[in-house]
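Following: one structure in structure tokens, then a few remarks.
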2 protein chains.
Amino acid sequence: MATSTPADTDLATEVWRLITDLLMERKEQFPALAAGLGLNPGALHALMSLDESEARSMSALAGDWKCDASNVTWLVDRLEEGGYARRRMHPTDRRVRTVVLTPKGAKARSQVEAKLHEPPESIRRLDREDLETLRQVLSKLHA
Amino acid sequence: MATSTPADTDLATEVWRLITDLLMERKEQFPALAAGLGLNPGALHALMSLDESEARSMSALAGDWKCDASNVTWLVDRLEEGGYARRRMHPTDRRVRTVVLTPKGAKARSQVEAKLHEPPESIRRLDREDLETLRQVLSKLHA
DNA sequence: TATTGTTATACTCTATAACTATA
DNA sequence: TATAGTTATAGAGTATAACAATA
């Protein structure tokens with residue numbers, strides 16, 4: 001119907017973000033997005049919590065991901081196979097392996113984040129006044 | 001802060017329902033609710049799509065649940081073990097088995113639905129005016 | 001001969017336990 | 001002796017293929 005101005009699109013994005021933040025998780029398109037990267041949902045979830053600059057040890061990742069250390073080995077193997085992450089040596093403790101995203105992994109992560117924040121058609125169709133109203137009221141939920 | 005009147009609680013329920021309907025799925029408390037019934041998430045999802053009165057064939061359920069027929073056998077076995085559903089003969093075609101919820105299964109289903117529609121604390125804290133506003137704007141998303 | 005549902009079997013993802021190498 | 005990570009192994013949940021009963 002009505003076309004969106006850039007300002008409306010930004011608003012729609014923000015409103016959608018407020019709603020999804022409220023829900024904490026929007027595991028929905030997630031399996032499909034994972035499959036698109038040749039990953040299972042668990043491995044994509046892992047990818048989303050990694051960083052290009054900050055190296056995390058395997059044991060720290062077991063804590064982050066609330067899973068067994070042996071499963072961290074398996075998940076990081078999947079990410080390395082896909083070229084999304086790589087293991088590094090720890091500078092001082094030779095027992096420890098750290099994990100960082102590759103450039104490809106960082107790009108995949110930001111693209112998936114963009115998809116997850118993309119408002120659905122029904123939200124984008126709202127006019128500016130409605131979106132402003134939603135933003136105002138939903139902002140109160142942050143308290 | 002402000003205490004809720006019954007009217008506010010109904011409004012909060014409705015607003016929360018509008019948001020979750022928009023998202024289609026809110027797999028979040030779901031694994032915990034399933035575990036509480038001695039089921040896995042897949043089996044609870046199956047239970048939620050069954051009815052006490054309407055009998056569905058195994059092959060129809062494979063379509064509904066988007067899974068293989070052999071997995072329907074497995075899931076219905078789990079539901080029968082828990083006393084939530086039972087197989088019946090088809091009145092005319094002796095190859096076909098149909099599945100219906102038991103009274104226990106119907107009760108479990110409505111209790112889980114109630115839990116899923118329960119608004120979170122942050123929504124319940126909104127005052128009546130904000131909830132009315134949300135309801136009004138979010139209703140437009142149904143179009 | 002085709003279809004319904006089950007059984008036999010295999011694959012994915014996860015965990016527990018045993019192991020290797022460091023510390 | 002304790003810790004980090006891996007490998008060996010087992011279990012849950014899913015699929016594919018072979019099968020028995022019925023149409």
Side-chain angles (χ1 to χ4, degrees), chain A residues 25 27 30-50 54-82 84-101, chain B residues 25 27 30-50 54-82 84-101:
Chain A
E25 274 190 330
K27 311 175 183 175
F30 214 77
L33 289 170
L37 296 170
L39 298 172
N40 65 22
L44 179 54
H45 194 252
L47 188 156
M48 300 302 286
S49 79
L50 288 171
E54 189 199 354
R56 311 271 296 137
S57 72
M58 302 292 278
S59 59
L61 291 174
D64 290 352
W65 302 344
K66 299 185 204 316
C67 71
D68 190 79
S70 65
N71 197 34
V72 174
T73 295
W74 190 84
L75 288 167
V76 173
D77 283 348
R78 298 293 79 71
L79 293 180
E80 283 200 324
E81 277 177 14
Y84 298 113
R86 67 172 185 279
R87 286 168 168 88
R88 282 178 170 169
M89 295 296 182
H90 188 277
T92 60
D93 190 334
R94 296 181 57 195
R95 294 173 304 179
V96 176
R97 299 302 182 96
T98 60
V99 183
V100 288
L101 290 185
Chain B
E25 271 189 332
K27 310 174 186 174
F30 213 78
L33 289 170
L37 296 170
L39 298 173
N40 64 21
L44 179 54
H45 193 252
L47 189 156
M48 300 302 287
S49 80
L50 288 171
E54 189 198 354
R56 311 271 296 136
S57 72
M58 302 292 277
S59 59
L61 291 174
D64 290 353
W65 302 345
K66 299 184 205 315
C67 71
D68 190 80
S70 64
N71 196 33
V72 173
T73 296
W74 189 84
L75 288 167
V76 173
D77 283 349
R78 299 292 80 71
L79 293 180
E80 282 198 326
E81 276 177 15
Y84 298 113
R86 67 172 186 282
R87 286 169 169 87
R88 281 178 169 169
M89 296 295 183
H90 189 278
T92 59
D93 189 334
R94 295 181 59 194
R95 293 173 305 178
V96 175
R97 298 301 181 98
T98 61
V99 184
V100 287
L101 290 184

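Order of the sequence lines fixes the chain letters, A, B, ..., with proteins taken first and strands second; residue numbering starts at 1 for each chain.
Under the side-chain contact (heavy atoms from CB on, under 4.5 Å) criterion, B:Thr98 pairs with B:Ala55, B:Arg88, B:His90, B:Val96, sequence neighbours left out. Evaluation of the salt bridge (charged side-chain N to carboxylate O under 4.0 Å, His left out) rule for B:Arg97 yields no partner, not counting sequence neighbours. Under the side-chain contact (heavy atoms from CB on, under 4.5 Å) criterion, A:Ala62 pairs with A:Val72, not counting sequence neighbours. With sequence neighbours excluded, the residues forming a side-chain contact (heavy atoms from CB on, under 4.5 Å) with B:Arg95 are B:Asp93, listed by chain and number.
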**Study point:** Contact pattern, 5' to 3', of nucleotides 13-23 of chain C - B, S or - by protein heavy atom under 4.0 Å
**Key:** SBBB-----BS
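When side chains are defined from C-beta on, B:His45 does not count as touching B:Leu39, because their heavy atoms never get closer than 4.5 Å. Using a 4.5 Å heavy-atom cutoff, the side chains of B:Val76 and B:Met58 are in contact. Contact annotation: the side chain of B:Met89 never approaches that of B:Arg94 to less than 4.5 Å [non-hydrogen atoms, C-beta and beyond].
What separates CG of B:Leu61 from C1' of C:dG5 is a distance of 12 Å, to the nearest Å. A straight line from CG of A:Asp77 to C1' of D:dG5 spans 11 Å, rounded to a whole angstrom. Atom CD in B:Glu80 sits about 13 Å away from atom P in C:dG5, given to the nearest Å. In this entry the distance linking CG of B:Leu44 with P of D:dG13 reads 13 Å, nearest Å. C:dT12 atom C1' lies 13 Å from atom CD of A:Glu81, rounded to whole Å. The interatomic distance linking A:Arg56 (CZ) with D:dG5 (P) rounds to 11 Å, in whole Å.
Paired with A:Leu79 under the rule side-chain contact (heavy atoms from CB on, under 4.5 Å), one option of A:Val99, A:Leu44, A:Leu50 passes, and it is A:Leu50.
As judged by a 4.0 angstrom heavy-atom cut-off over every strand, A:Thr73 is placed among the base-contacting residues.
Taking the screw axis at each terminus of the helix from C:dT1-D:dA23 to C:dA23-D:dT1 from five consecutive base pairs, the angle between the two is 30° to within rounding of 10 degrees.
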